[in-house]
Undergrad: 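Sharing a structure here in structure tokens format.
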Amino acid sequence: LGAMSPGPSLAVVLKNTLSGGRSEGVKTALAHGFGVGAYAFITAAGLAVLLTGNPNLFFIVQSLGAFFLFYLGCKAFFGTSGLAEAAHAKQSASSVHGLRTGFLTAFLNPKIAVFFTALFSQFISTEAQLGEKMIMASTAALIDAGWYVLVVLVLSHSRVLDVLRTRACQLDKIFGVLLVLLALRIFVVW
């Protein structure tokens, strides 16, 4: 359910699918899943305790995430590399843009560590072996990547893609505002 909830991840997957087609969307989804899996493993290995126990470190990671969301939101809202431009521009097959934005969108979100702390605290013990932690992280990564690959496959269907492309300007503004509001919410909570 965490993967399915709308937010910056969906906006990034949608944008990269519009700009680079199915392959760019799949790269974004897989990189996002890798970022979630990395956070899940780090959390299972104890980073969440460090982040929640060290307010300065948590603040730094949270600040980076908020600035990244704000940056993505402004780019989308003001039409600089947003959905409208992406809808009519194709990226080269060698692009690493989807990989980078997918991973950073997941990894610069410290709330994922807090989420996994709450989730994993129900299942993991202090005696948990490396294999158990890797299974937990792999499960989280596969669920996340699988969900966003499914989203890409649906969104990249020609009929859906055509509708999205005709409404790209409106979607840019909506996603831009949502991303900026998410970033501002993080700043206001401080």
Side-chain angles (χ1 to χ4, degrees), residues 2-36 39 58-115 144-145 147-190:
M4 295 172 90
S5 62
S9 303
L10 179 62
V12 169
V13 169
L14 176 60
K15 177 184 170 291
N16 289 346
T17 301
L18 280 172
S19 66
R22 183 174 284 171
S23 65
E24 193 68 14
V26 168
K27 285 193 285 184
T28 305
L30 294 176
H32 190 277
F34 182 77
V36 165
Y39 241 140
F58 184 77
F59 177 78
I60 291 169
V61 174
Q62 195 172 29
S63 297
L64 289 173
F67 283 118
F68 185 65
L69 290 177
F70 189 81
Y71 167 75
L72 289 176
C74 287
K75 280 183 68 168
F77 188 81
F78 293 111
T80 56
S81 186
L83 294 175
E85 291 178 18
H88 304 292
K90 290 285 184 187
Q91 293 179 354
S92 67
S94 64
S95 172
V96 296
H97 177 74
L99 294 172
R100 183 178 57 246
T101 57
F103 178 78
L104 288 176
T105 300
F107 200 72
L108 289 178
N109 185 353
K111 290 181 181 179
I112 292 174
V114 175
F115 170 77
D144 187 82
W147 168 251
Y148 284 114
V149 166
L150 178 64
V151 167
V152 167
L153 294 177
V154 170
L155 294 178
S156 63
H157 187 276
S158 60
R159 285 187 222 158
V160 175
L161 205 52
D162 289 340
V163 170
L164 292 174
R165 285 187 172 138
T166 60
R167 307 234 189 270
C169 285
Q170 294 90 355
L171 290 171
D172 259 345
K173 303 295 182 208
I174 291 168
F175 284 130
V177 167
L178 289 175
L179 290 172
V180 167
L181 287 174
L182 284 170
L184 292 175
R185 182 174 175 262
I186 292 170
F187 286 124
V188 170
V189 170
W190 294 330

Undergrad: List the residues meeting side chain to side chain contact (heavy atoms under 4.5 Å, CB included) with Arg22, not counting sequence neighbours, and say none if there are none.
TA: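 Arg22: side chain to side chain contact (heavy atoms under 4.5 Å, CB included) contacts with Val26, Val152, Leu153, Ser156.
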Undergrad: Can you tell me how far apart NZ (Lys173) and CZ (Phe78) are? Round to the nearest 0.5 Å.
TA: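 Reported value, rounded in 0.5 Å steps: 7.5 Å.
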Undergrad: Is any side-chain heavy atom of Thr17 closer than 4.5 Å to one of Thr28?
TA: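 They are not in contact (no side-chain heavy atoms under 4.5 Å apart), so the answer is no.
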Undergrad: Over all heavy atoms of both residues, which pair between Lys15 and His97 is shortest? Give the atoms and the distance, please.
TA: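 Shortest heavy-atom separation between Lys15 and His97 comes out as NZ-NE2, 3.6 Å.
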Undergrad: How long is the gap from CG on Leu10 to OH on Tyr148, to the nearest 0.5 Å?
TA: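 Between atom CG of Leu10 and atom OH of Tyr148 there are 6.0 Å.
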Undergrad: Could you give the distance from NE2 (His32) to CG (Leu104), rounded to the nearest 0.5 Å?
TA: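 Rounded to the nearest 0.5 Å, the NE2-CG separation comes to 10.5 Å.
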Undergrad: Please round to the nearest 0.5 Å and tell me the distance separating atom CG of Leu108 and atom CZ of Phe103.
TA: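 Rounded to the nearest 0.5 Å, the CG-CZ separation comes to 8.0 Å.
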Undergrad: Could you pull out the closest heavy-atom pair between Leu99 and Ala31, with the gap in Å?
TA: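 Shortest heavy-atom separation between Leu99 and Ala31 comes out as O-CB, 3.1 Å.
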